[in-house]
Amino acid sequence: MTTRLFGEPVRRREDPRLITGQGRYLDDLGAGALAAAFVRSPHAHARILDVDVSGALDVDGLVAIYTWEDLPGALAEPLPLLIPHPALTHGRTAYALAREVVRHVGEPVVMVVARDRYLAEDACALIRVDYEILKPVVGLEEAAGGAHLVHEDVPGNIGAHLVQEVPGPGGVTAREAVDAAPHRLEFRLDVERSACTPLEGKGVYARWDADDESLRVYSSTQTSTSVRMAIAAKLGLPLPKVEVVAPDVGGGFGVKIVHPWPEEILVPWAARLLNREVKWTEDRREHFVSSSHERGQVQHVRAGFDDDGRLLGLEVEILHDHGAYTPYGIIVPIITSTQLLGPYRVGAYRVEFSSVYTNTVQVTPYRGAGRPQGVFCMERTMDKIAAYLGRDRTEVRAANFIQPDEFPYDQGLTFQDGRPLIYDSGDYPEALRMLKELIGWDAFPEEKARAAAEGRRIGIGVGCYVEGTGVGPYEGGHVQITSDGRVHVSTGLTSQGQGHETVFAQIAATELGVPIEKVSVVTGDTRRFGYAVGTFASRAAVMSGNAIALACRKVREKALRIAAEALEADPRDLEITDGMVHVAGAPSASIPLATVAVLSNPLRYAFDEEAKRATQFAGPASDDRPPVAEGEEPGLEGRDYYSPVRSTFAAGMHAAIVETDPDTAEIQILRYAVVHDCGRLINPMIVEGQIHGGVAQGVGGALYEKMVYDEHGQLLNASFMDFLMPYATEVPRIETAHLETPSPLNPLGIKGAGEAGVIPVSAVVAAAIEDAEGIPIDRMPISPSDLHTLRLTR
Amino acid sequence: MKPPPFDYRRPATLGEALGLLAEAGSGGKVLAGGQSLIPLLNMRLAAPARVVDVNRVPGLDGIEAGPSGVRVGALARHAAVERSPGAAAAQPLLRQALRLVAHPVIRNRGTVVGSLVHADPAAEMPAVLALLGGSVRLASRGGEREVPAAAFFTGPMESAVRPGELAVSAFFPALPARSGTAFHEVARRHGDYAVAGVAAAVTLDEDLRIAAARVACVSVGPVPVVADVTAACGPRPAASVAWDAVAAAVRDLVEPEGDIHATADYRRHLTGVLAVRALRDAASAAHGEES
């Protein structure tokens, strides 16, 4: 019997540490380090005329003040544009410290280093920056009007413009298909701005070792390997002299995949220059105005359909608010425009987006990464078709589903990884059947009538999505079994609370046949694994999970080879159970993996009793073979990489029942049901946890969260008092059912699950409110005040 | 988000505290529960020269309940007042309102008197004091004065407390026999400041007709808005009150402003709805006391 942990709801091994205050987050490190703080622009758009630091010079404990003029070499250049794209004709990035012009409130202008953060902030308050105020560009349509410019050299504020078109049968264009369709609808949708808002903000702590001329940097990042390369490049250091470690990270949700943040290069630079440890811990207000936001689109939709609600043609024009800069390229609007299609086959499709600059915080991916907007568009379209035809909303969806026998299904578009958008597997009709049963869809009209008789308003909504997960290019895994029998797994991508220590250990334990207690997992530490991409796009389990499985298989093969020699058996007859290699069916003929590890490493020197077995006079050895055989390496370890041809496509469907108060317009989610398909489940409990967290963020996006900018470009709700993330009291109990259609693309048959929960929530809640109220809901989020206003204007 | 420098003092007696406050004048700030002051300091929205921490001053944490009402000391935490059986018996509105104040962890530290002095027009406790016609006792080196609620709240986040004064207690009067109270509010999230909220007190006559009805509304003006709606409600039994007219009367009395969470119009509408809900519940409670 082998130890089978893959697929089991193993308890999260990181939780005892994380929930009892034993986590090591960025600010827990470097107690004696100098503190950095930043003077940030109070204006949305302004020219810097003068920086006067004289007032701050007397602050006790001040160490240094830096402006852009102080930055040498590559540090003084604009920050990298991480993902270039031919359609991003006018990509712009910020400087690490503002040069001449500031383009959003919160842009860093001056860096202060002092003995502690209190003193650094005191000094910041005494630095005077003179600005010439320029006209701020705020609001998507105002920006697209182009009357005033965010960047002088970007006409019309258009950073990127991209059209993708998939012709219908006979080469018909989407425009033609819509025009020729028996029925047509045309409408506009709005999705507000929101943000990742991880509970731990960003943070950087750098230690320069002057003797070794090396740098160690800790960053609260989603990609330590790439931060490392950026720091080495910006500081002109040899890569081997820079190490970057992501310690425990208190949430990322996308914002920490962006890099290098100004602070990620400025803090190490100052540490080296001052030859002192320097740390910067972002505070909440800084996070609101100087990291990233997302969502924020206006969509114009034209849909043509037949009597059954089949979409014959769909045209979507998207205005996408990119904020002041485009460091992450146009990934978000590309995902919106491609993943918009969801589980449906559309006759002909045309999508066009313009990515627009505004004098607001930059826009980069936030969990869901453009999908919530796309799904909102498609699912609102489905509901409007159903309403127009007077048909059940699930019937219209079913009429448009891609069928299980149509996979792989090519949507004819280019996805965010530059590769064709081809769905690998799925079973959408079955998922919908499960969801309808779970929520009680067919019985709902009766329930609604009963409620109405009591003067209550309730409504039901449904939403479907497909999520491309596990994008490349690659991840790697390293597995080493040491002579104490322990298994050390490392992978380069980082963890922000997902449970990687658990699921990767499950994979390794299952592949190697060892108890999970023997397995330890390290992520995001470039000292352990140098090649990686990062944690985003629901990719960690797919990418590193498979890479670790492949690395384990290499190690297992080697272990069996060595054990076979020791046991004088055929490796094909060997199994590993509970850390023992034994002949199948003959458990007495066995050897512990620990011993195999000893034998794998021919030694000259014995450092303990066990090691004696591997030294040169310990036992019989062939005189005519080298101690390390040709093609072998010492040690019981393996490294492998997983690099998929293309993404794998998870899917899901959600339904909600909401109640609206006829008098106060309060909105309450009574029930929330999820059917989720991420292929084979490594750990169903962790997948459910991911769904719960995602739905919670989705509830935020549907009912609470928005970034309120005034006409001057001031963010009016840059605090947790006014930016309303839902509390546990606002998140409904979530009922979940799993469907498993394995991915044919990877050895483990898995798909990503990290972002799924958030994706359709706005669409689902809008549909349910619409059903309860009978008022079209075309703008999210919606507050009781908004609903009250809608009621008055209906 | 670190406070600017300030002189921190932790007096051991009331006299010492009053001396330190007198010395500091307008640069002095009192720290009790700290649930409003500390965030203001951290965001550098407040920069007092001296913070006088009164948490070690003995005798300020009293909750004295009697037939005439409840006197709450400056260091009595929300949670302590909320859980006090005596306070609930003498003035049930205290517990009804305190359950709506933020979250338990905040109520464990925050003080009732601190909330009054902070004078946030969205907060519950100022409305309670205003509705009941209570008062706040202010001490200074020169002596003590008792300021009635109507004169205590002078504007948004502004109270009658003068430099050098410490609010040592607040008095919440009891209501006559056959009275009931209720507090209804709508907040965006559980425990948030209310978008709108109404505290109500109703007293019935011997024939169980409404003899007195008052409401205090939060988040719809610079200070809690108190309205006497006796004329609109009585004298008739609650069951035959024209509640729509009462709601309209309350709506006409408030002058809310819109903000990022709610329009002025919605706040006005909500205040009418909540006033009726609170008054009806208060009337029911008044009945309950009678039976």
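Here is the naming used below: chain letters follow the sequence lines, and residue numbers restart at 1 for every chain. Just so you know, these numbers come straight off a predicted model, no measurement behind them. When reading the values below, keep in mind they use all heavy atoms of this one structure, side chains included, and skip hydrogens, waters and symmetry mates.
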Can you check whether B:Arg188 reaches A:Pro784 side chain to side chain, under 4.5 Å on heavy atoms? yes
Portion of A:Glu730 that has a non-hydrogen atom of chain B nearer than 4.5 angstrom: side chain
Which portion of A:Ala728 sits near chain B, non-hydrogen atoms under 4.5 angstrom: neither
Heaviest contributor of heavy-atom pairs below 4.5 Å to chain B, chosen from A:Leu716, A:Thr664, A:Asp283, A:Leu724, is A:Leu724
Taking heavy atoms only and a threshold strictly under 4.5 Å, list by residue number the residues of residues 32-55 of chain B that touch chain A; give 'none' if the list is empty. B:Met43, B:Arg44
Under a 4.0 Å N-O cut-off, is there an ion pair linking A:Asp116 with B:Lys2? no
Count the heavy atoms belonging to other residues, nucleotides or ligands that lie under 6.0 Å from CD of B:Glu158, then report whether that count exceeds 12. yes
Let me see the working for B:His269 and A:Leu792 under side chain to side chain contact (heavy atoms under 4.5 Å, CB included), right down to the final yes or no. CA-CA 11 Å; B:His269 164 82; A:Leu792 294 178; over 6 Å; no
Rounded to the nearest 0.5 Å, how far does CZ of B:Arg189 lie from CE of A:Met725? 7.5 Å
Under 4.5 Å, heavy atom to heavy atom, which residues of residues 238-256 of chain B contact chain A? none
Strictly distance-based, threshold 3.5 Å: is any side-chain N or O of B:His190 a donor or acceptor partner for the main-chain N or O of A:Pro726? no
To the nearest 0.5 Å, atom CZ of B:Arg268 lies from atom NE2 of A:His788 at 10.5 Å
Residues 258-265 of chain B: residues contacting chain A (heavy atom under 4.5 Å, by number): B:Ile260, B:His261, B:Ala262, B:Thr263, B:Asp265
Between CG of A:Asp722 and OH of B:Tyr193, what distance do you get to the nearest 0.5 Å? 11.0 Å
Side chain / backbone / both / neither for B:Arg267 at chain A, heavy atoms under 4.5 Å: neither
Can you label the angle between the B:His103 ring and the A:Tyr727 ring as parallel, tilted or perpendicular, going by 30° and 60°? perpendicular
Proximal to chain B - members of residues 26-36 of chain A, heavy-atom separation under 4.5 Å: none
Quick check for you: among A:Leu119, A:Ile667, A:Thr729, which has the greatest number of heavy-atom pairs under 4.5 Å with chain B? A:Thr729
